[in-house]
Amino acid sequence: MDNSNTKSPSLLGAVRSASWSIGLTQEELARVESTVIERRFAPGSLVCRKGEPVEYWYGVIEGLLKLSSDAESGKTASLTGVPPGGWFGEGSLLKSEIRRYDGVALRDSRMALMPRQTFLWLLDHSISFNRYLLTQLNERLGQFICLLESERLLDTDARVARCVATLFNPVLYPGLSRKLAVSQEELGYLTGISRQRVNRSLKILQDAGYLSVAYGGITILNLDGLRKLGS
DNA sequence: TCATTAAATTGTT
DNA sequence: AACAATTTAATGA
């Protein structure tokens, strides 16, 4: 039905199809391809840890991540989910500071890791890469502003809507079809809402025509509508 | 290809 | 959190 027929993308395939690599020269692309590595992560394991030095720029080849920040009080704030095709960590790399959030694999995930050195080299050599980063940073900023609002002001259904809408962000996660294989339990982890409540919200959103729920995944029918629920 | 079984996910309380 | 119902995936004839 969904992308189960899709063969597992290779590391280099993921790099070449990434939107930031399209404008690179052969030389630049070659440098990226010779330094990027792949790593697997089991469900629940930490891809990157808050407080540690930032050594890589991360891309999701396959799987699903949650970026979250655990306060010392024990409260955990989920920042965003990252589906396949998403790259993150550029903010911390640019500022050369320690990482400010955890990256947790919600299921078996394959990650592409671009060394910091390569990332900075691209920054110095490729105009199109810089342009990509601008749009990426801008888009993410908009997401976080919406996130702040939704955490405080919106009801649970709208928070679920926002979470789903961010997963389908065409700028940050291009090439994603309107279908995404994400279980209701995983959405619960992403939103910090119980699976039961997510189930209820999804049904409401489905009845309202924004999306359709199916076994093991959802299909977006009205992305703009979902966004507006959160604004 | 089809039937059976196990595992994952959903729907409900 | 627990439970039943449903869907998928795996297995073997």
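Chain naming here is simple, since letters A, B, ... match the order of the sequence lines and numbering starts at 1 in each. Quick caveat, the model's predicted, so the values are computed rather than measured.
In this structure, A:K203 reaches the B:dT12 phosphate: one of its side-chain N or O atoms is under 4.0 Å from OP1 or OP2.
Distance, A:R107 CZ to C:dT8 C1': 15 Å, rounded to whole Å. Here the C1' atom of nucleotide B:dT9 and the CD atom of A:E186 are 10 Å apart, to the nearest Å. Following rounding to the nearest Å, A:E185 (CD) and B:dT12 (C1') show an atom-to-atom distance of 16 Å. Between the CD atom of A:Q184 and the P atom of B:dG11 there is a distance of 5 Å, rounded to whole Å. B:dT12 atom C1' lies 14 Å from atom CZ of A:R197, rounded to whole Å. A:I204 places its CD1 atom 15 Å from the C1' atom of B:dT12, with the value rounded to the nearest Å. B:dA8 atom C1' lies 15 Å from atom CG of A:N199, rounded to whole Å. Spacing between atom CZ of A:R195 and atom C1' of B:dT13 amounts to 12 Å, rounded to whole angstrom units.
A:R200 comes within 4.0 angstrom of nothing in the nucleic acid, heavy atoms only.
You'll find that the side chain of A:S183 is closest to B:dT9, out of B:dT13, B:dG11, B:dT9. For A:Q196, whose side chain is taken as the heavy atoms from C-beta onward, the closest listed nucleotide among B:dT9, B:dT13, C:dC3 is B:dT13.
Checking each of A:Y132, A:F129, A:Y56 against A:F119 for a ring pair (Phe, Tyr, Trp, His ring centres under 6.0 Å) leaves exactly one that passes, namely A:F129.
A:Y58 and A:F88 have parallel rings, their planes meeting at less than 30° on a 0 to 90° scale where 60° marks the start of perpendicular.
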Check the pair A:V54 / A:I98 against side-chain contact (heavy atoms from CB on, under 4.5 Å), numbers first and verdict last.
CA-CA 6 Å; A:V54 180; A:I98 59 172; 5.9 Å; no
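Judged by the 6.0 Å and 45° rule, A:R116 forms no cation-pi pair with A:W57.
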